Amino acid sequence: MFVTADSSAPLPASKKKAENTVALPYNERTHHCGELRGADEGKSVLLVGWVQTYRDHGGMVFIDLRDRGGITQLFFNPDTDPQAHTIARSLRSEYVIAVRGDVRSRGAMVNPKMPTGEVEIAVHEIELLNKSETPPFPIENEIDTNEDLRLKHRVLDIRRPAVREALMLRHKITKSIRDYFSENGFVDIETPILNKSTPEGARDYLVPSRLHHGSFYALPQSPQIFKQLLMIGGMDRYFQIARCFRDEDLRADRQPEFTQVDVEMAFVQPEDVMQHVERCIAAAAKVAIGVDVPLPLPRISYAESMAKYGKDAPDMRYDMTIKDVSEILRKIEFRVFAEPLAKGGVVRCIVVPGGAEMTRKETDGLTEEIKGIGAGGLPLVKVEDKDGKPTPQTGIAKFLSDGDVFAEICAATGAKHGDLIMFAADNEANVCKYLGWLRQEVAQRRGMIPENDWKFCWVVDFPCFGWDEEAQAIYPMHHPFTSPKDEDLQYMKVGSDDVPEAADLLKIRAKAYDVVLNGIELGGGSIRIHRGDVQRKIFQLLGLSVEEAKEKFDFLLDALKYGAPPHGGIALGLDRIVMLFGRFGSIRDVIAFPKNAKASCPLSLAPGRVAESQLKELGLRVVTSK
RNA sequence: GGGGCUGUAGCUCAAUUGGUUAGAGCGCCGGCCUGUCACGCCGGAGGUUGCGGGUUCGAGUCCCGUCAGCCUCGCCA
């Protein structure tokens, strides 16, 4: 029902109620619903919005009116404004209305729970702009509803303040980032969405070509090569808020399309990129969460991060770091430790402060879960002080009770009475994986992670290559354009066709850097290879033949011939930054229209089938369908 | 591809070992109510227990299959 004042045609009887309403110029609203205060008393205002709730007292009616800015209480008095009151009685949740009235003090009836609680609007005129069906869930912050249902009705979900604020936070952060780079000489340049597939990394999303049957574009996994071409093209400093696409399985912090803050600079060393990025992040943190991030951010080497935190994205909000006890435990005969040590592995542990109080149920639960990620079990022991001497209790205590072994362990790890020591023994990579997981899990379960703490850091000195135990071969830790450190180039035998020893290759460190917040990687970057000979050597080491490299990256190799400057950059996960700053549990919470875990859009139901004629035009035929 | 959890009214949940007509709160609809803001009071409607099959005198409950959602491992250079 859309009521206007100037309807010249006679209204049907059913609309008689509304006949007397006056059309309000809703485009001339004076305020948003969150801004009126006691000081505005006496003002005549025009508000528009949605009906949050209605409280009909038979006589007077209260309506909470909501828009993007907040909520204001409307007051309808049957004695002074009978027409408006009549309409107010018919309003329901989510009806869209415009009202004109006077701001007045609520006197003694102030509601301290709402920002606008000092005032209400005595409504004189109202226009019903649109009705609404009953929403499937209440438009409130504290709702306990399936995310699935919320996403199907995302329109209503977005009306909830929490979702609205997430999108506004995202805007603030994005704007702050754009401002920073714009003010520092970076040029915002768009790169292509329709690209050539380069099947090295993640799976590509493919787009069939109509003009070239059998050929496909790929959506970008990142603008990586194009930003390098921009540097070689002399643009010097570039940034882009770029959408990227990866056709891999999803997680709480992974979507098939996500947004990356993409940055590249020419004539720089790692420090130059890192300084700009940390200043940018600090500015965004100030705007988004009001926190002053001390700069420069701490730097930690990849090797130290793996040794102390078991992962390349350390969470430094709590201690409980990993300690190596291989040498001490080499002295005892305990098969669980001895076998891995004999094979060149390590034994490491974490000390859980006060962990002796953990119940059998708790530790059994951890044991089951750590088995789930591949560990054989979870050897543990409690520390008890007996006559001034640390004594092992329960668990693997009987294997540690000879001589001074346990005292040595406690001295080396700082374990004391009432603590619990948890061990892992395996090859180094697995021990890192198990204890890295365990450290985080125990900290979470025991409430050891302080809230309101923001621990940023840079992880640097990544190795160029990792060692794949199963394949017994090296694999690249980063994309193949990452530059090795100048002093490590010697190990690569650039300019010769010889393949260096794997042991040598594993020594090579990259000019790469990741920025981490509270144990989550916000982004990573590197100085790129600007020498054609080095780039070709890397392709060779990764097992790409000259022909393959030429086929896939010819345009990059070609560009490297024409005076490529030293250059490097970074890519930051914008969704993750907003998720962390806003304390959300999933990046779906900070994306307006996210996909679900099966990469479908619950709202539009994408992906969907297409007409046979469309397939024919593209030269495609569907062979199987599920 | 593997593992785990979940699916009952519009929403959130309950329903003894398999046993009468599947209940509650919120929401919704109708009535009453002039200072509420979780308004209150009275009354009412609302169900293919995700779907299909099986066992049984009898299935929301047990079995098999299937679909959907979430988490996770693999994967994500």
Side-chain angles (χ1 to χ4, degrees), chain A residues 52-65 71-80 85 89 92-94 104 106-114 116-117 120 122 133-140 142-153 156 198-204 221-222 224-225 244-256 258 368-375 433 437 441 462 464-466 468 470 474-482 510 512 521 524 526 538-539 542-544 552-553 573 585-586 588 595-600 602 605 626:
Chain A
Q52 175 73 34
T53 55
Y54 53 95
R55 295 180 291 278
D56 182 348
H57 286 247
M60 57 192 176
V61 171
F62 299 95
I63 302 279
D64 286 345
L65 185 67
I71 287 177
T72 294
Q73 176 168 283
L74 309 179
F75 174 79
F76 297 82
N77 186 333
D79 303 329
T80 58
H85 176 263
R89 294 197 75 177
R92 293 295 180 268
S93 290
E94 300 309 305
R104 65 181 207 189
R106 292 206 209 170
M109 306 308 297
V110 162
N111 182 350
K113 281 186 264 181
M114 49 198 292
T116 61
E120 64 189 3
E133 289 188 15
T134 304
F137 52 82
I139 313 299
E140 295 163 359
E142 278 79 33
I143 57 171
D144 195 8
T145 302
N146 278 330
E147 187 186 30
D148 187 32
L149 186 80
R150 293 202 288 112
L151 292 179
K152 269 178 196 147
H153 301 278
L156 297 171
T198 53
E200 263 67 41
R203 226 173 267 121
D204 282 322
Q221 296 180 21
S222 115
Q224 181 61 35
I225 293 181
C244 302
F245 306 85
R246 291 178 191 175
D247 189 5
E248 295 294 342
D249 284 1
L250 279 51
R251 295 279 192 283
D253 61 354
R254 265 166 31 191
Q255 283 271 299
F258 59 98
E368 278 314 300
E369 289 204 44
I370 205 165
K371 281 182 183 170
I373 63 172
K433 180 179 166 190
W437 173 86
E441 200 63 29
F462 281 84
C464 269
F465 305 100
D468 186 330
E470 291 207 359
I474 61 159
Y475 65 92
M477 298 271 282
H478 299 276
H479 59 63
F481 318 116
T482 303
E521 179 191 330
S526 65
I538 290 280
F539 284 147
L542 297 181
L544 258 70
K552 285 167 184 163
F553 301 112
S586 159
R588 291 188 297 270
K595 306 270 189 293
N596 66 17
K598 285 277 163 60
S600 300
L605 302 183
K626 280 183 184 174

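Convention: sequence-line order gives letters A, B, ...; per-chain numbering from 1. A quick note: this is a predicted structure, and the numbers were derived from the prediction, not measured.
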**Report entry** A:R254 (side chain) and B:C76 (base): donor-acceptor pair under 3.5 Å
**Finding:** yes

Query raised in the report: Looking across every strand, which nucleic acid part, if any, lies under 4.0 Å from A:L542 by heavy atom: base, sugar-phosphate, or nothing?
Result: nothing

Report task. For this output row, return yes or no: ring centroids of A:F539 and A:F553 closer than 6.0 angstrom. Result -> yes

**Report entry** Carboxylate-amine/guanidinium contact A:R246 A:D204, below 4.0 Å
**Finding:** no

Report summary line: In this structure, OG1 of A:T116 is separated from CD of A:Q73 (nearest 0.5 Å) by 8.5 Å

Query raised in the report: Hey, what do you get for CD (A:Q52) to OG1 (A:T72), rounding to the nearest 0.5 Å?
Result: 11.5 Å

Review item, nucleotides 26-30 of chain B N/O atoms under 3.5 Å of protein N/O:
| unit_1 | atom_1 | unit_2 | atom_2 | d |
| --- | --- | --- | --- | --- |
| B:C29 | OP1 | A:R92 | NE | 3.3 |

**Report entry** Rounded interatomic separation in angstrom, taking NZ from A:K598 and P from B:U6
**Finding:** 17 Å

Query raised in the report: Are the ring of A:F137 and the six-membered base ring of B:C11 within the stacking cut-offs of under 5.5 Å and under 30°?
Result: no

Query raised in the report: Taking atom types as they are modelled, is there a donor-acceptor pair under 3.5 Å from the base of B:G7 to the side chain of A:N146?
Result: no

Report summary line: Quick note, A:H479 side chain, CB onward, closest among B:C76, B:A77, B:C37 is B:A77

Report summary line: Contacts of A:E140 meeting side-chain hydrogen bond (donor to acceptor under 3.5 Å, both in side chains) (sequence neighbours excluded), chain-then-number -> none

**Report entry** Complementary nucleotide for B:A24 - Watson-Crick or wobble, under 3.5 Å
**Finding:** B:U12

Report task. Check every strand shown and say whether A:A108 touches a base, only sugar-phosphate, or nothing at a heavy-atom separation below 4.0 Å. Result -> nothing

Query - Pairwise distance CG(A:D253) to CZ(A:F258) - rounded to 0.5 angstrom - result: 11.0 Å

Query raised in the report: Quick one: does A:E120 reach the base of B:G35 with a side-chain donor-acceptor pair under 3.5 Å?
Result: yes

Query raised in the report: More 5' along RNA chain B: A:R588 or A:P476, using each one's nearest nucleotide?
Result: A:R588

Identify each atom pair where a protein N or O and an N or O of nucleotides 31-34 of chain B are less than 3.5 Å apart, giving names and distance.
| unit_1 | atom_1 | unit_2 | atom_2 | d |
| --- | --- | --- | --- | --- |
| B:C33 | N3 | A:D56 | O | 3.0 |
| B:C33 | N3 | A:G58 | N | 3.4 |
| B:C33 | N4 | A:D56 | O | 3.2 |
| B:C33 | N4 | A:G58 | N | 3.4 |
| B:U34 | OP2 | A:H57 | O | 3.3 |
| B:U34 | OP2 | A:G59 | N | 3.2 |
| B:U34 | N3 | A:D79 | OD2 | 3.4 |
| B:U34 | O4 | A:D79 | OD1 | 2.7 |
| B:U34 | O4 | A:D79 | OD2 | 2.5 |

**Report entry** Nucleotide B:A77, atom C1' - distance to CZ of A:F462 in whole Å
**Finding:** 14 Å

Report summary line: Here the gap from A:S600 atom OG to A:K595 atom NZ, rounded to the nearest 0.5 Å, amounts to 9.0 Å

Query - Distance between P atoms of B:A15 and B:U8 (Å, rounded) - result: 14 Å

Query raised in the report: Would you call A:E147-A:R588 a salt bridge at under 4.0 Å N-O?
Result: yes

Query raised in the report: Given atom CG of A:D148 and atom P of B:C11, what is their separation to the nearest angstrom?
Result: 11 Å

Report task. Using only heavy-atom distances, decide whether a donor-acceptor pair under 3.5 angstrom links the side-chain of A:R246 to the base of B:C75. Result -> no

Query raised in the report: Mind checking the P distance from B:G25 to B:U61? Whole angstroms is fine.
Result: 26 Å

**Report entry** B:C62 - base-pair partner by Watson-Crick or wobble geometry, distances under 3.5 Å
**Finding:** B:G54

Query raised in the report: Side chains of A:P476 and A:C464: does their closest heavy-atom pair fall under 4.5 Å?
Result: no

Requested in this report: Could you tell me which nucleotide pairs with B:C5 by Watson-Crick or G-U wobble geometry, both distances under 3.5 Å, or answer none if nothing does?
Outcome: B:G69

**Report entry** Gap in Å between the two P atoms, one belonging to B:C75 and one to B:C63, rounded
**Finding:** 34 Å

Query raised in the report: Does A:K113 have a side-chain nitrogen or oxygen under 4.0 Å from the phosphate oxygens OP1 or OP2 of B:A38?
Result: yes

Report summary line: Closest to the side chain of A:P480, out of B:C76, B:C70, B:A77, is B:A77

Requested in this report: Please state how far atom CD1 in A:I474 lies from atom P in B:A77, giving the value in whole angstrom units.
Outcome: 17 Å

Query raised in the report: Taking the inter-plane angle between the rings of A:F62 and A:F75 on a 0 to 90° scale, is it parallel (under 30°), tilted (30 to 60°) or perpendicular (over 60°)?
Result: tilted

Query raised in the report: Please give, in whole Å, the distance from B:C73 C1' to A:L250 CG?
Result: 15 Å

**Report entry** Complementary nucleotide for B:G43 - Watson-Crick or wobble, under 3.5 Å
**Finding:** B:C29

Requested in this report: Whole angstrom is fine here: how far is it from CZ in A:R251 over to C1' in B:C73?
Outcome: 7 Å

Query raised in the report: Taking atom P of B:C75 as reference, at what distance in whole Å does atom CG of A:D249 sit?
Result: 11 Å

Query raised in the report: Hey, does the side chain of A:H57 reach the backbone of A:G59 with a donor-acceptor pair shorter than 3.5 angstrom?
Result: no

Query raised in the report: Can you tell me how far C1' of B:U36 sits from CG of A:D64, to the nearest Å?
Result: 9 Å

